[in-house]
Structures are given as structure tokens and as C-alpha cells.
Amino acid sequence: MSRTAEGPVRVVVIGGGAIGASVVASLLRGDLPGVVPVAVVDGQPVGDLGVPQLRLDAALDLADVVVECAGQAVVAQRAVDILERGIDLLITSVGALADADLATAIRVAGPGRFLLTAGAIGGLDILSSAAAQGPLTRVEVTTTKLPTTLVQPWMDDHDADLLRVATEPVEVFRGNAREATRLFPRSLNVAATLGWVAGDFDLVDVRLVADPAAELTCHRVVAEGVAGRYTFEIQNLPSPDNPRTSGVVPHAVLRSLAALVGRPSGVI
Ligand SMILES: NC(=O)c1ccc[n+]([C@@H]2O[C@H](COP(=O)([O-])OP(=O)(O)OC[C@H]3O[C@@H](n4cnc5c(N)ncnc54)[C@H](O)[C@@H]3O)[C@@H](O)[C@H]2O)c1
């Protein structure tokens, strides 16, 4: 559906959980002038978020922009269709793009445009610029989270229990960003975003540490390339609504949305 130049930008949010509900609330408050939420789409009843909950196809008929805050499956199943309808798409579940075929399909799909939110980390601006100057040769990220947030459906009872009762930091994964986002799809979007910026998910060396003392979720990033050497550490408080997600992420999504609709502000 095409937007008239003078009308507001109509946003559909897929996923009315910790990130999506916060994004809808901000847009309803008018935090992004000229951008209005028109519907939320969710596989579960989300309660009253102040906009109607619709099925995806009905919601897409109303959308200029879709904000995905639901999970990798939605990106895999619907991103190309959304872009082909001429709807712009903001992706939070960046791990979906570790699938090289899907990433290619999304890159070439249109006329809708897509953006990935920086989400829980910063520094991606300089890393993107550095990668444009010449390939990054080293990217490492060590992510430290509360153990209970890292329990996965594929873990056997023994491994899951080890995490639940951990009293010391435990390394639960070491490998590349492609494998990391497959095994920890809701917890390692940061690794995937670094993979996208580097242009190589296999280059990114990911270490995931479960630490019962980790009140803050920590991402320590080291990157190197012809442009220079970069080290930064991000420590975020978990969202009160979902301890897997950092509380800052909805605010990152709003900044990304502002850029996508052509109204960026501040530092970019
Ligand atoms: N880029 C980042 O830094 C970053 C950080 C945190 C989370 N994320 C991504 O954002 C997603 C949402 O995070 P959250 O904390 O809001 O999660 P959440 O679990 O609080 O909410 C997710 C919502 O999406 C809904 N949902 C799941 N699958 C769906 C589907 N196929 N169709 C429609 N609705 C569906 C769920 O019912 C739930 O209400 C995560 O899955 C993760 O992939 C990205």
C-alpha cells in the first residue's frame, strides 16, 4: 500500500512482547511525530496495547512500515513478502540473516526497504565505516548473561539444570556468529549484527558466558581491520518485561524507525 506524501507513516508492529509493546506505547505517546502505530500482530493475545491486534495479512493492508519484534521465524517466513508489497521493514531478529540464502533474498527484495536495528549494542557505526574502508580481519564478542535466560529447548535436562543452578560463570558456547544465532536465537542477535556489519558471520568469534552475578548483560567487542582497531564494552540492564532482552532495545528500535522513515535526529 502506498503512502500519500502528507499522511502519517503507518506502522504495524509484529510481536507485542517486551520490545513491541514498548514501541507501540512510545508511538502512541507521539515520541516520533508523524509516525502512528495502526496494528499489532502476535501469535498470542497481547491484551490492550492501544491499537488493534490483527492477523498479519489484514495488518499489512494498513502498513507503510513493519517493525519486527517477534523472532527469526517471522523474518524467514514473511520478510521478502513484506518488502515485495512495497512496505519498509525494520528487523530486530537479526539472527535470521545468518541464513545466507534468506539474507540474499531480503537484500534483493523490494520495492520496500529494510533496516536492521543496532538493538542492544553501539559502535556499529564506526565498525560499518571501518568495514567500508577495508575488510575486518578480526571480530570477537563475549556476551555475558544471566544463566536462566540462556536455557534452550534443545538442551537436555542435565545441561539445562546446570545452567539453572550455576553459582559461578560458565562458558556455554564458543563458535561463530552463524552457529551462535542458530543455537541461541533470542539471545545472540548482537553477534548476528556484528556478522552483518563484518559481511561475514563466520568471521565473528562468539563466546557466551552464563554468569549468575550478571545483573547487567555485557557485550565486549574487539574488532580489527585495515581501518584500525576497536574495543568496546556495553553493559545493559535487562528489560523488566523480558530478562533475555535489554531494556534499551525499544529505544534503539525507535531511533532506527526514525531513520527508516526519513526523520533521523541527533548522532547517526
Ligand atoms: N537486535 C537486538 O539487539 C535484539 C535484542 C533483543 C531481542 N531481539 C529480538 O527481538 C525479538 C523480540 O524480543 P522481545 O524481548 O520483545 O520478546 P518477547 O518474548 O517479550 O515478545 C515476543 C512476542 O512475539 C510474539 N511472537 C513470537 N513469534 C511470533 C510469530 N511467528 N508471529 C507473531 N508473533 C510472534 C510472541 O507471542 C511475543 O508476544 C526477540 O525474539 C529477538 O529476536 C533483538
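We number each residue from 1, following the sequence as shown. First listed ligand is number 1; within each ligand, the first listed atom is number 1. No hydrogens, no waters, no symmetry mates; every other heavy atom, side chains included, goes into these values.
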Handout entry: Numbered atoms of ligand 1 (with element) below 4.0 Å of Gly71, judged on heavy atoms
Key = 41 (O)

Exercise for the section: Give a yes or no on whether Asp156 atom CG has more than 12 heavy-atom contacts from other residues, nucleotides or ligands under 6.0 Å away. Expected result: yes

Fill in the blank from the handout: ligand 1 atoms nearer than 4.0 angstrom to some heavy atom of Gln44 are 37 (O)

Exercise for the section: Return yes or no for this condition: an N or O of Asn242 is under 3.5 Å from an N or O of ligand 1. Expected result: yes

Exercise for the section: Take atom CZ of Arg244 as the centre, draw a 6.0 Å sphere, and report whether it contains more than 12 heavy atoms from other residues, nucleotides or ligands. Expected result: yes

Problem - Steps toward side chain to side chain contact (heavy atoms under 4.5 Å, CB included) verdict (Asp205, Arg174) - result: CA-CA 7 Å; Asp205 184 16; Arg174 182 82 192 250; 2.9 Å; yes

Fill in the blank from the handout: atom 22 (C) of ligand 1 has as its nearest protein heavy atom Cys69 O, 3.7 Å

Exercise for the section: Considering only non-hydrogen protein atoms, determine which one is nearest to atom 43 (O) of ligand 1 and report residue, atom name and distance to 0.1 Å. Expected result: Ser93 OG, 2.7 Å

Fill in the blank from the handout: Restricting to heavy atoms, the pick from Ala120, Gly20, Pro250, Gly17 nearest atom 3 (O) of ligand 1 would be Ala120

Exercise for the section: Determine, stepwise, if the pair Arg207 / Glu140 fulfils salt bridge (Lys or Arg N to Asp or Glu O under 4.0 Å). Expected result: CA-CA 8 Å; Arg207 192 168 164 251; Glu140 297 169 6; over 6 Å; no

Problem - Asn189, Ile121, Ile14, Val46: member with heavy atom nearest to atom 42 (C) of ligand 1 - result: Asn189

Practice task
Determine whether Val41 and Gln53 make a side-chain contact, defined as any pair of heavy atoms from C-beta on separated by less than 4.5 Å.
Solution key: no

Fill in the blank from the handout: Which of Thr143, Thr142, Asn236, Thr144 passes side chain to side chain donor-acceptor pair (under 3.5 Å) with His219? Answer is Thr143

Handout entry: Numbered atoms and elements of ligand 1 in range of Val249, under 4.0 angstrom, heavy atoms
Key = 5 (C)

Completion exercise
min-distance protein heavy atom vs atom 20 (O) of ligand 1 -> Ala18 N, 2.9 Å

Handout entry: salt_bridge(Asp57, Arg78) N-O dist < 4.0 Å
Key = yes

Practice task
Verify side chain to side chain contact (heavy atoms under 4.5 Å, CB included) between Val80 and Phe114, making sure each step is shown before the conclusion.
Solution key: CA-CA 10 Å; Val80 169; Phe114 77 97; over 6 Å; no

Handout entry: Polar proximity ligand 1 side, Gly15 side, N/O cut 3.5 Å exclusive
Key = no

Practice task
Would you please say whether a donor-acceptor pair under 3.5 Å links the side chains of Thr217 and Gln235?
Solution key: no

Problem - Donor-acceptor pair between Arg107 and Thr104 side chains, under 3.5 angstrom - result: no

Practice task
Would you mind running through ligand 1 and noting each atom that sits below 4.0 Å from a heavy atom of Gly43?
Solution key: 33 (C), 34 (N), 35 (C)

Practice task
Examine the proximity of ligand 1 to Ala73 and report which part, side chain or backbone, both or neither, has a heavy atom under 4.0 Å away.
Solution key: neither

Handout entry: Contacting atoms of ligand 1, where contact means under 4.0 angstrom from a heavy atom of Val74
Key = 30 (C), 31 (N), 32 (N)

Exercise for the section: For Arg186, take its heavy atoms, then give the atoms of ligand 1 lying under 4.0 Å from any of them. Expected result: 41 (O)

Completion exercise
closest protein heavy atom to atom 28 (N) of ligand 1 is Ala70 O, 3.7 Å

Practice task
Let me see the working for Val67 and Ile14 under side chain to side chain contact (heavy atoms under 4.5 Å, CB included), right down to the final yes or no.
Solution key: CA-CA 6 Å; Val67 179; Ile14 308 180; over 6 Å; no

Practice task
Say whether Gln72, considering both its backbone and side-chain N or O atoms, lies within less than 3.5 Å of an N or O atom on ligand 1.
Solution key: no

Problem - Neighbour count above 12 (heavy atom, 6.0 Å) for Glu215 CD - result: no

Handout entry: Selected option - heavy-atom contact closest to atom 36 (C) of ligand 1, from Asp42, Thr193, Ile19
Key = Asp42

Problem - Nearest-contact summary for atom 1 (N) of ligand 1 - protein heavy atom, Å - result: Thr92 O, 3.0 Å

Exercise for the section: Would you check whether Thr245 has a nitrogen or oxygen atom less than 3.5 angstrom from a nitrogen or oxygen atom of ligand 1? Expected result: yes

